[in-house]
Novice: 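One structure coming up, written as structure tokens, with questions to follow.
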Number of protein chains: 2
Amino acid sequence: MPLRQLPLRQFALLLIFGLCAALASAQSNRQDPLPSWNEGTVKSTIIKFVQQVSTEGSPYFVPAAERIATFDNDGTLWAEQPLYFQAIFAIDQVNEKAADHPQWRQEEPFKSAITGDIAGIMATGMEGLGKIIAASHANLTADEFRTSVRHWLASARHPQTDTLFTDLIYQPMLELLQYLRAHDFKTFIVSGGGIDFIRVFSEDTYGIPPEQVIGTTSEAKYEVINGIPTIVKTPNIILVDDKDGKPVGIYRHIGRRPIFAAGNSDGDKQMLEYTTLPHGSDDQTPRLGLIIHHTDAKREWAYDRQSDIGKLDKALDESRQHNWAVVNMKKDWRQVFPKAR
Amino acid sequence: MPLRQLPLRQFALLLIFGLCAALASAQSNRQDPLPSWNEGTVKSTIIKFVQQVSTEGSPYFVPAAERIATFDNDGTLWAEQPLYFQAIFAIDQVNEKAADHPQWRQEEPFKSAITGDIAGIMATGMEGLGKIIAASHANLTADEFRTSVRHWLASARHPQTDTLFTDLIYQPMLELLQYLRAHDFKTFIVSGGGIDFIRVFSEDTYGIPPEQVIGTTSEAKYEVINGIPTIVKTPNIILVDDKDGKPVGIYRHIGRRPIFAAGNSDGDKQMLEYTTLPHGSDDQTPRLGLIIHHTDAKREWAYDRQSDIGKLDKALDESRQHNWAVVNMKKDWRQVFPKAR
């Protein structure tokens with residue numbers, strides 16, 4: 001039946017419907033899924049990978065259930081200078097509790113924490129940082145800990161930028177998380193930071209629910225206290241989710257290998273290997289590893305091989321051999337942080 | 001515009017569309033989401049709970065992200081008599097390896113395992129069972145272990161029913177899992193059994209992906225072996241996911257409290273408490289605990305307070321106090337196992 005025989009109202013409705021469908025389709029073809037990424041090799045590598053694994057009929061198609069993507073947090077999803085933000089939180093907690101622990105004024109690393117001497121803390125090494133974290137994180141109920149982190153995130157200011165710490169997340173990575181999820185990837189955090197710390201803000205900040213956060217984990221015990229079922233955090237660490245610990249954490253929590261991983265330091269090297277190395281000579285699964293290289297001293301921080309925090313050395317050397325895509329932050333990112341709200 | 005003024009083809013299309021919509025709607029209203037459950041208090045309690053938490057505008061509405069449901073496995077999703085199926089797997093593995101370990105013929109619990117003396121194994125207690133499981137599960141790569149479980153599940157037969165073990169899953173629980181997921185619940189297994197064992201079949205059998213399986217967990221280490229990134233299972237147990245361990249496992253893997261939990265033994269008591277006890281006097285969140293009571297000696301097995309396997313005693317006593325719904329398998333389940341395929 002020719003269109004002109006349709007009653008006017010039917011014709012108008014059909015026309016509107018058709019226009020809407022055409023517009024929506026054009027929009028979705030034209031819309032850039034990664035607007036904060038500059039055009040270049042890294043961006044096109046990401047888009048090609050996602051299209052390949054998610055297009056049915058593609059020789060590289062991967063079923064949705066297997067589309068697992070893992071992200072480091074510090075230096076990959078948010079900044080980590082001049083010190084891991086969780087360490088700044090821990091130092092603040094030590095200061096809040098210092099009045100109850102007068103001996104801390106004579107005892108490192110607490111002495112440096114109280115006087116705000118970051119170089120002094122760093123001189124005590126990871127052991128010193130561990131003591132500060134244990135003193136501020138353990139023997140609290142899960143609820144108490146969550147409340148103290150939430151309060152800190154809502155009020156504490158970064159020592160250099162004077163912003164909230166959650167303002168220092170990377171806009172391009174938010175877009176990447178969203179892009180992967182729009183293609184049925186399940187996105188996980190796999191961090192050397194504390195699992196309980198990150199879970200407080202991961203859902204609101206990154207859209208990653210607590211059950212998809214893996215991190216350094218301490219023991220916990222269950223008790224009913226005053227009729228309320230309660231989890232109490234205890235100091236014994238059962239997973240250091242860094243280096244070799246990252247593949248172990250992934251195995252323990254996810255139970256299958258990711259096909260995409262992003263990191264920024266040597267602490268992520270094993271996760272990148274575990275994700276991208278073929279599993280035998282007949283493994284044709286497409287896999288992508290991404291390294292964030294902090295090259296932008298003006299908009300963020302520039303550091304790599306010599307840095308105490310987020311040292312990127314061996315993983316950078318290995319990136320060519322394994323075809324890991326290296327993000328040059330200065331060149332590849334149009335925008336670093338989200339626009340002020 | 002009156003219908004009779006429509007051109008015939010438009011009218012026919014509209015009619016067909018309208019009929020389809022009406023049929024689909026009637027179908028979805030009439031379709032019983034739990035056809036293997038007999039009508040009664042338990043079934044109506046489940047349906048009322050799910051409707052309350054998932055209906056927007058309901059005073060008991062719970063956002064989808066918080067709709068976490070946890071299920072015990074042995075005795076709750078599949079049978080567990082005359083012995084946990086994983087223990088039968090372990091005994092079979094010990095027998096396969098016995099030729100390499102001649103000393104086992106003199107040493108309990110291996111001696112009983114080799115002669116097929118289940119009473120003898122049970123006499124060695126949980127410690128004995130643990131030795132059998134360690135001997136058959138540890139110091140394998142994750143892939144080797146997965147392959148051996150997969151092979152066993154595809155071929156081994158239950159000593160009494162002569163069926164595959166995966167034929168002994170409960171049809172009403174499959175429907176319940178599906179019903180919850182259709183209302184945006186995320187379904188998890190929280191089992192005293194081994195996390196790595198259950199993950200081999202949970203996705204195909206229950207539609208629960210490996211990352212939503214929590215269980216008793218042993219240490220693992222990461223190595224690159226002949227160029228292949230490899231996880232090796234080691235014997236040290238870091239979570240006994242039973243009793244007090246269940247809330248701890250839930251906290252560690254999920255990071256928030258479920259609002260629904262199902263179990264069948266005293267090993268599930270703490271998970272049921274953790275799930276259903278109000279979190280303070282202002283907590284109005286609806287919560288449901290379900291206990292599977294094995295009462296059907298004819299179609300399945302009947303056991304509770306005196307049983308070595310799946311002992312249900314204190315949790316049954318507490319069920320009234322906490323309003324846990326107790327499933328009388330004989331009365332509440334129209335069908336126990338899936339129809340033969």
Novice: Which atoms form the tightest heavy-atom contact between Pro229(A) and Pro278(B), and what is the distance?
Specialist: CD-O, 4.1 Å

Novice: Give the member of Arg256(A), Lys246(A), His279(A), Gln270(A) that has the highest number of heavy-atom pairs under 4.5 Å with chain B.
Specialist: Arg256(A)

Novice: Do you know which of Glu219(A), Glu273(A), Arg257(A), Arg252(A) has the most heavy-atom pairs under 4.5 Å to chain B?
Specialist: Arg252(A)

Novice: What is the distance from atom NZ of Lys233(B) to atom OH of Tyr251(A), rounded to the nearest 0.5 Å?
Specialist: 5.0 Å

Novice: Output all residues satisfying ring-ring contact (aromatic ring centres under 6.0 Å, His included) with Tyr274(B), sequence neighbours left out; order by chain, then residue number.
Specialist: Tyr222(A)

Novice: Who pairs with Glu144(B) by salt bridge (Lys or Arg N to Asp or Glu O under 4.0 Å), at least two apart in sequence or on another chain?
Specialist: none

Novice: Counting only non-hydrogen atoms closer than 4.5 Å, does Glu223(A) touch chain B with its backbone (N, CA, C, O), its side chain (CB onward), both, or neither?
Specialist: neither

Novice: Non-hydrogen atoms of chain A under 4.5 Å away: do they reach the side chain of Asp143(B), the backbone, both or neither?
Specialist: side chain

Novice: Where does Asn226(A) contact chain B at under 4.5 Å (heavy atoms): side chain, backbone, both or neither?
Specialist: neither

Novice: Please state whether the side chain, the backbone, both or neither of Ile254(A) comes within less than 4.5 Å of a heavy atom of chain B.
Specialist: both

Novice: Picking from Ile214(B), Asp196(B), Val248(B), Ile231(B), which has the most non-hydrogen pairs under 4.5 angstrom with chain A?
Specialist: Ile231(B)

Novice: Below 4.5 Å from any heavy atom of chain A, which atoms of Ile195(B) appear? Answer side chain, backbone, both or neither.
Specialist: side chain

Novice: Write down the atom of Arg199(B), the atom of Gly255(A), and the distance for their closest heavy-atom approach.
Specialist: NH1-CA, 3.3 Å

Novice: Measuring from atom NE2 of His253(A) to atom NE2 of His253(B), what distance do you get when rounded to the nearest 0.5 angstrom?
Specialist: 5.0 Å

Novice: For the atom pair OG1 (Thr217(A)) and CD1 (Ile238(B)), what is the distance rounded to the nearest 0.5 Å?
Specialist: 8.5 Å

Novice: Heavy-atom distance under 4.5 Å to chain B: side chain of Leu239(A), backbone, both or neither?
Specialist: neither

Novice: Please flag which part of Val213(A) lies under 4.5 Å from any non-hydrogen atom of chain B: side chain, backbone, both or neither.
Specialist: neither

